[in-house]
J.: 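This is the structure I have questions about; it appears just below.
A note on names: the letters A, B, ... follow the listed sequences, proteins ahead of strands, and every chain is numbered from 1. The structure displayed is predicted, hence computed values, not measured ones.
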Amino acid sequence: MTFRLYDTATREVRDFVPLEEGKAGLYVCGLTVQSEPHVGHVRSAVNFDVLQRWLRHLGYDVTFIRNVTDIDDKILIKSADQGLAWYQLAYRMKRELDQAYDDLNVAPPTYEPAATGHVPEMIVLIEELIAKGHAYAAEDGSGDVYFDVRSWPQYGELTRQRIDDMEAAEDADPRGKRDPRDFALWKGQKVGSEPDTAAWPSPWGKGRPGWHIECSAMAGKYLGPAFDIHGGGVDLRFPHHENELAQSRAAGRPFATYWMHNAWITTAGEKMSKSLGNSLTIPAVLQKYRGIELRYYLVAAHYRSHVEFSFEALDEAAAGFRRIENFLDRAADVLGGIGAHGIACADFVNAMDDDLGTPAAVAAIHEVVREGNKLLGSGDSPALRGNAASVVAMLDVLGLNPADPAWRTGTGGQEEKLLATVDALVAGVLAERSEARAAKDFARADALRDRLHAAGVQLEDTPDGPKWSLS
RNA sequence: GGUGGGUUGGCCGAGAGGCGAGGCAACGGACUGCAAAUCCGUGUACACGGGUUCAAAUCCCGUACCCACCUCCA
């Protein structure tokens with residue numbers, strides 16, 4: 001069976017047929033680094049990370065470009081509010097974002113271009129559009145350059161909207177626009193109100209790039225005029241992706257073959273907007289949950305399904321994931337480690353091939369875990385070996401392998417030392433408890449167990465003796 | 001006004017004409033000194049009203065409610 005994915009442009013699930021056999025070019029709109037990353041931002045990153053991993057698993061040579069928008073109106077406004085240089089704020093938030101990606105085991109893309117580093121490429125593209133009659137410098141002397149939507153009959157093709165049906169922008173400041181729907185490719189510097197560092201020289205005077213042109217220019221630079229998949233959040237369909245498509249095609253570039261959009265995460269029915277409080281920023285959530293648990297929660301829902309975020313649901317997801325982890329721990333104990341070359345089961349592969357059906361893929365993992373738990377009971381080690389390796393292989397595809405070094409917290413081995421220390425202390429208590437049990441002094445044995453439990457240590461009596469874990 | 005998406009059991013969350021995805025929780029059983037973990041079992045859920053069909057959560061028509069986007073929000 002071939003990999004199929006839902007294409008927003010055609011609104012159907014289609015076979016993935018790459019432009020070049022064996023290769024996949026992927027461009028995803030990353031973030032505007034203007035505030036701390038929250039759960040919603042990271043969902044997009046995790047979804048496309050899973051796509052990247054699945055394409056690699058299928059043997060594709062993947063070129064994955066995810067940009068960073070490091071200059072825009074909001075960055076300028078927020079940095080001014082906070083008394084920071086705009087680039088200082090952008091860089092600070094970029095570092096926060098990178099940390100969030102690392103915390104969730106989002107594999108780095110092939111390259112992560114920043115808008116400010118690609119102004120020359122954007123200028124070339126704008127010049128091409130002007131030469132072809134699809135863009136014009138504003139006549140009001142503002143230094144702005146606009147895309148002329150009326151010059152491009154296909155405008156609206158991605159979201160199937162007709163220009164005349166679109167609500168005109170309310171801000172009633174048409175500036176030098178011929179049509180209110182024309183969008184900025186280049187924004188002339190507003191001398192006095194905008195810092196000089198946020199302006200670049202151009203044929204139209206000093207200014208900065210419009211949002212949409214960035215992605216077209218960067219996608220073109222790293223993936224060429226035509227590439228396979230373009231992704232982002234649903235909100236980007238219009239105007240951002242519509243505009244990217246229009247300006248790229250108007251300049252004679254075929255652009256993306258497939259468009260993928262991930263759905264939202266909301267809280268209390270509301271969009272997790274950047275104006276919301278900070279309780280759902282990644283650092284805040286990670287104070288109570290491990291990154292791998294949050295990632296499991298995100299992956300357990302389909303990328304095109306709207307998720308209503310709640311800590312209750314996250315709790316349940318975390319409990320479900322621990323079931324898998326627990327199995328791997330027990331299997332590793334019995335087998336003395338789990339091999340690296342497991343084979344994903346058919347249900348898993350079929351689920352992933354069907355538009356990244358991660359919910360069914362996760363269900364498939366749970367089925368294999370159940371089988372594995374039975375094998376643990378029956379003592380069939382050879383079968384267990386393959387079974388456990390299969391679980392690990394599938395988790396790897398989803399970026400959820402607990403043994404992945406990416407999940408290491410970077411505490412310089414402190415954590416390992418602490419665990420060794422606790423293990424030694426617990427071992428003493430366990431020895432005492434074993435004596436008590438052997439002497440049928442269950443009251444004393446249970447008291448010892450209660451004491452450990454109160455300290456956050458969970459006990460489990462196995463045929464090989466007692467095992468402990470953090471509860 | 002235009003465009004798109006949604007409403008599934010106690011909870012989360014799949015599925016898209018016919019065998020009750022999976023997880024969490026609950027209950028019963030097995031195992032256990034008791035637990036824990038694990039396994040086995042237990043649920044007739046698909047917003048509402050019609051229709052098509054041998055068969056509808058799934059297709060069609062209508063209704064209600066919710067959500068997103070409509071020019072710089074993942």
J.: Reckon A:His261 touches a base, only the sugar-phosphate, or nothing at all at heavy-atom distances under 4.0 Å?
T.: nothing

J.: Under 6.0 Å between ring centres, would you say that holds for A:His306 and A:Trp264?
T.: no

J.: Salt-bridge test for A:Asp98 and A:Arg95: reply yes if a basic N is under 4.0 Å from a carboxylate O, no otherwise.
T.: no

J.: Report the stems of RNA chain B as range-with-range entries sorted by first number; a stem here is at least three consecutive pairs, Watson-Crick or G-U wobble, both distances under 3.5 Å, and write none if there are none.
T.: B:1-7 with B:64-70, B:10-12 with B:22-24, B:26-30 with B:38-42, B:47-51 with B:59-63

J.: What distance, rounded to whole Å, do you find between the two C1' atoms, one in B:C34 and one in B:U58?
T.: 49 Å

J.: Where the side chain of A:Ala301 is defined as all heavy atoms beyond and including C-beta, which of B:U71, B:G13, B:C24 is the nearest nucleotide?
T.: B:G13

J.: Are A:Phe309 and A:Tyr297 close enough, and set up right, to give a ring-ring contact (aromatic ring centres under 6.0 Å, His included), and what steps lead you there?
T.: CA-CA 10 Å; A:Phe309 181 90; A:Tyr297 173 63; 5.7 Å; yes

J.: Rounded to the Å, how far apart are A:Tyr303 OH and B:A14 P?
T.: 13 Å

J.: How about A:Asp140 and A:Ser142: does a side-chain donor come under 3.5 Å of a side-chain acceptor?
T.: yes

J.: For the residue pair A:Glu308 / A:Thr266, report whether a side-chain donor-acceptor contact shorter than 3.5 Å exists.
T.: yes

J.: What interatomic distance, in whole Å, is found between P of B:U7 and the corresponding atom of B:G17?
T.: 16 Å

J.: In whole angstrom, give me the gap between the P atoms of B:A64 and B:G41.
T.: 45 Å

J.: Classify the nucleic acid contact of A:Ser305 as base, sugar-phosphate or nothing, counting any heavy atom under 4.0 Å across all strands shown.
T.: sugar-phosphate

J.: Taking atom P in both B:A14 and B:G6, what distance in whole Å separates the two?
T.: 11 Å

J.: Mind checking if A:Arg43 touches a base, just sugar-phosphate, or nothing, with heavy atoms under 4.0 Å?
T.: nothing

J.: A:Arg162 vs A:Tyr155, test: side chain to side chain contact (heavy atoms under 4.5 Å, CB included). Steps then yes/no.
T.: CA-CA 8 Å; A:Arg162 288 177 311 164; A:Tyr155 187 73; over 6 Å; no

J.: Can the positive tip of A:Arg66 be found less than 6.0 Å from the middle of the six-membered ring of A:Phe48, inside 45° of the ring normal?
T.: no

J.: Provide, to the nearest angstrom, the distance between the CZ atom belonging to A:Arg160 and the C1' atom belonging to B:G1.
T.: 20 Å

J.: Starting at the 5' end of RNA chain B and moving along, which residue's nearest nucleotide shows up first, A:Pro359 or A:His212?
T.: A:Pro359

J.: Just by distance, no angles: are the side chains of A:Tyr303 and A:Asp355 close enough, under 3.5 Å, to form a donor-acceptor pair?
T.: yes

J.: Go nucleotide by nucleotide along RNA chain B from the 5' end; which of A:Gly357 and A:Cys29 gets its closest nucleotide reached first?
T.: A:Gly357

J.: Please report, rounded to the nearest Å, how far the P atom of B:G23 is from the CG atom of A:Leu314.
T.: 19 Å

J.: Provide the distance between the two P atoms, one in B:C40 and one in B:A57, to the nearest whole Å.
T.: 29 Å

J.: Mind checking if A:Gly156 touches a base, just sugar-phosphate, or nothing, with heavy atoms under 4.0 Å?
T.: nothing

J.: Within this structure, what is the CZ-to-P distance between A:Phe321 and B:C24, rounded to whole angstrom?
T.: 13 Å

J.: Check the side chains of A:Gln34 and A:Lys74 for a donor-acceptor pair under 3.5 angstrom, ignoring hydrogens and angles.
T.: no

J.: Expressed as a whole number of angstroms, how long is the span from A:Arg322:CZ to B:G23:P?
T.: 16 Å

J.: Which of the following nucleotides, B:G4, B:C73, B:G13, is nearest to the side chain of A:Asp235?
T.: B:C73

J.: Quick one: do A:Lys467 and A:Asp329 make a salt bridge, cutoff under 4.0 Å?
T.: no

J.: Determine the contact category for A:Gly40: base if any of its heavy atoms lies under 4.0 Å from a base atom, sugar-phosphate if only primed atoms, P, OP1 or OP2 are that close, otherwise nothing.
T.: base

J.: If you measure from the C1' atom in B:A25 to the same atom in B:G13, how many Å do you get, rounded?
T.: 14 Å

J.: In this structure, is the centre-to-centre distance between the rings of A:Tyr146 and A:Phe183 below 6.0 Å?
T.: no

J.: For A:Leu236 and B:G4, give me the distance from atom CG to atom P, rounded to whole Å.
T.: 19 Å

J.: Phosphate oxygens OP1/OP2 of B:C70: is one of them under 4.0 Å from a side-chain N or O of A:Arg181?
T.: no

J.: In whole Å, what separates the C1' atom of B:U52 from that of B:G62?
T.: 15 Å

J.: Take atom CD of A:Glu312 and atom P of B:G13, then tell me their distance rounded to the nearest Å.
T.: 12 Å

J.: Please give, in whole Å, the distance from B:G13 P to A:His366 NE2?
T.: 15 Å

J.: What does nucleotides 31-42 of chain B look like as a protein-contact string, B for base, S for sugar-phosphate only, - for none, at under 4.0 angstrom between heavy atoms?
T.: --BBBBSSSS--

J.: Taking the P atom in each of B:C19 and B:C46, what is the distance between them to the nearest angstrom?
T.: 15 Å

